[in-house]
Every structure is written in structure tokens, then in C-alpha cells.
Amino acid sequence: MVASVGADGVLLVDDDYSEYAMAYEQAVKALSDEAVRFVVNTHWHGDHTGNNEFWGKREAVIVAHDNVRKRLSTLQVNKFFGRETPPADPTAWPLVSYGDSMALHLNGNTIELQHYPRGHTDGDTVVFFTTDNVVHMGDHFFKDRFPFVDMGSGGHAGNYAANVAAILAKVDADTVIVPGHGALANKADLQRYHDMLVETRAEVGGMKSSGMSLEQIQARGLDLRWESWGTGFINEENWIVFLYASF
Ligand SMILES: [Zn+2]
């Protein structure tokens with residue numbers, strides 16, 4: 001999460017799971033006496049939107065891509081993990097939604113929201129704090145881990161890698177890069193992540209075009225240098241599923 005604080009009020013990027021509402025309310029109070037005026041969601045997943053209802057009921061304006069509003073307001077079925085997510089309470093839906101890009105002007109910062117299509121989902125926003133040179137990547141960045149690509153929500157591993165390349169081209173060595181998952185990062189970390197995406201995809205693409213099935217590729221596995229990347233939420237077997245489906 002990122003909080004922008006100042007005379008214009010508080011803006012949050014993402015709001016985590018609902019069980020942490022009180023902890024975040026206290027954390028925001030410690031930063032500012034001003035109200036939370038805006039919550040930007042990088043995408044619809046519950047670990048990024050779980051407190052929309054909490055903040056929405058306190059009169060914060062939720063802002064997100066059009067497809068986040070669509071997905072939060074309807075039943076979502078995740079076949080990959082066998083999970084169903086019922087529609088969120090209407091107070092949790094974005095009051096403001098956008099298509100390609102928009103900007104907020106708050107606390108001396110220009111805050112650009114840019115949609116990156118068909119990546120982690122179909123409604124991903126990357127948030128550029130252009131004045132302060134801070135970027136919130138949403139789930140276009142799982143630092144040093146294989147990412148989840150939500151194919152049921154319009155995600156695509158190949159386009160995901162292309163999106164990360166486009167974001168890399170917009171940042172510099174001083175940019176503070178906030179991953180959706182993992183510790184605070186910089187451009188070198190994001191470059192390493194990008195290279196993993198491209199090189200593991202090339203490995204799987206090569207094996208697939210030689211006629212190997214998904215199961216055969218999973219059995220052979222990726223190059224050993226990627227071993228540590230599969231120790232998080234998404235293991236190597238799952239990552240290969242997303243890569244295989246992207247060809
Ligand atoms: Zn996510």
C-alpha cells in the first residue's frame with residue numbers, strides 16, 4: 001500500500017484484507033489528521049480491495065479501472081483456485097472508474113493512473129506519483145517471486161511481461177517501486193523480474209513448440225536458476241500453467 005498525505009487529505013493505493021481495517025485506520029491517523037478522501041484500487045482482488053467497504057462508508061471515493069467496478073459488482077468464479085467471490089457491498093464499488101488513464105492532483109503531486117490491459121487481470125492500474133517519483137505496480141510486480149496471472153479475470157502471461165517492459169521504460173534508477181507483493185524495490189529489481197518473465201516464458205515456449213505437453217514440461221521443470229522464485233504463493237508448476245496457456 002501507499003498513502004499520500006498532506007493538506008488536501010489522504011489518498012490510499014489499495015486497502016488490503018478487511019480484517020486489517022482497524023490497524024490501517026490507526027496507521028492513517030498516525031500519519032495525518034485529514035480524512036481518507038480517495039482509495040485507488042490497482043485491481044479487484046480481495047487482498048487489494050478488502051477495505052473498500054470500510055473506507056467507502058467513511059465517505060472516501062473509490063477510484064479504479066472500469067473492469068474493477070464490473071468485477072466487484074458481480075459474482076467472480078476463480079477456476080484455478082476453485083474459489084467464488086460474491087458481489088461486494090455497493091459501498092465497496094468504485095464511485096469513479098476510468099478506461100485508459102486519468103490523473104489526480106493532490107498534496108502537490110500529480111498522480112497518474114495508467115491502465116495496463118490483459119496483464120495480471122483485465123483491470124490493472126499502475127499508479128505513478130510523478131512529482132515524488134514513486135510507482136505502485138499493483139500485481140504487475142511480485143518481487144523475486146513467480147506471479148499469479150488471473151486468466152479467469154482476463155490475465156495473460158505474455159502480455160503481462162510486455163506490460164512490465166513498458167513500465168520499466170517509464171522509471172529511472174531513483175524511482176521507488178512498490179510491488180503488489182514483496183518488499184520495496186528499485187529499477188534493478190524490476191529489471192530482474194522482467195528478465196525472469198521473458199526468459200522463463202521462452203523456456204516454456206521452446207518446450208511447447210517441440211511438442212511437449214503441459215505435464216511433460218512441468219515434469220522437466222524450468223532452469224534451476226529460477227528455483228527460489230517458486231517458493232511463494234505461486235510455485236513453479238503453477239507458473240508453467242500460466243506460461244503454457246500464453247502461447
Ligand atoms: Zn492480485
Side-chain angles (χ1 to χ4, degrees), residues 1-2 12-21 24 39-55 62-88 92-94 97-98 113-128 135-164 166-167 177-185 189-190 193-194 196-197 229-235 237-239 241-243 245-246:
M1 285 176 60
V2 165
L12 301 178
V13 181
D14 287 343
D15 56 25
D16 209 330
Y17 287 119
S18 58
E19 56 259 47
Y20 306 127
Y24 282 115
V39 175
V40 176
N41 294 146
T42 60
H43 61 294
W44 76 271
H45 288 153
D47 52 336
H48 299 257
T49 61
N51 284 304
N52 278 13
E53 185 176 339
F54 180 85
W55 295 115
I62 316 283
V63 183
H65 185 262
D66 296 336
N67 291 336
V68 173
R69 185 176 162 95
K70 279 183 201 154
R71 293 191 181 280
L72 285 177
S73 58
T74 55
L75 173 74
Q76 297 299 307
V77 180
N78 182 330
K79 287 186 184 138
F80 195 79
F81 290 112
R83 267 188 227 149
E84 284 196 357
T85 308
W93 302 353
S97 72
Y98 77 96
L113 313 186
Q114 180 65 50
H115 177 227
Y116 285 87
R118 235 183 140 214
H120 174 66
T121 66
D122 60 5
D124 298 297
T125 292
V126 174
V127 184
F128 296 90
V135 179
H136 193 308
M137 297 283 298
D139 280 358
H140 268 94
F141 193 13
F142 286 58
K143 185 173 176 284
D144 295 316
R145 296 287 179 269
F146 295 138
F148 174 45
V149 176
D150 188 350
M151 297 188 292
S153 297
H156 183 277
N159 224 56
Y160 182 106
N163 289 344
V164 172
I167 299 158
I177 303 183
V178 182
H181 296 270
L184 217 52
D189 298 318
L190 188 61
Y193 182 70
H194 168 266
M196 178 280 295
L197 297 171
W229 294 75
T231 54
F233 172 52
I234 296 299
N235 62 24
E237 222 167 66
N238 290 337
W239 177 230
V241 172
F242 307 144
L243 292 171
S246 73

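Ligands are counted one by one from 1 in listed order, and the atoms in each one are counted from 1 as well. All values below were derived from every heavy atom in this structure, side-chain atoms included, with hydrogens, water molecules and symmetry-related copies excluded.
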Does any N, O or S atom of D47, backbone or side chain, fall under 2.8 Å from the Zn ion (ligand 1)?
-> no
Looking only at N, O or S atoms, find the one in D139 nearest to the Zn ion (ligand 1) and name it.
-> OD2
Flag for T121-D150: side-chain donor and acceptor within less than 3.5 Å = no
Test item: N51 side-chain N/O and D15 main-chain N/O as donor-acceptor pair under 3.5 Å = yes
Listed partners of H181 passing side-chain contact (heavy atoms from CB on, under 4.5 Å), at least two apart | D47, H48, D139, F142
From H43, does some N, O or S atom reach closer than 2.8 Å to the Zn ion (ligand 1)?
-> yes
Atom name, H45 (N, O or S, nearest to the Zn ion (ligand 1)) | ND1
State which residue, out of H120, H140, H43, fulfils the ring-ring contact (aromatic ring centres under 6.0 Å, His included) condition with F148.
-> H120
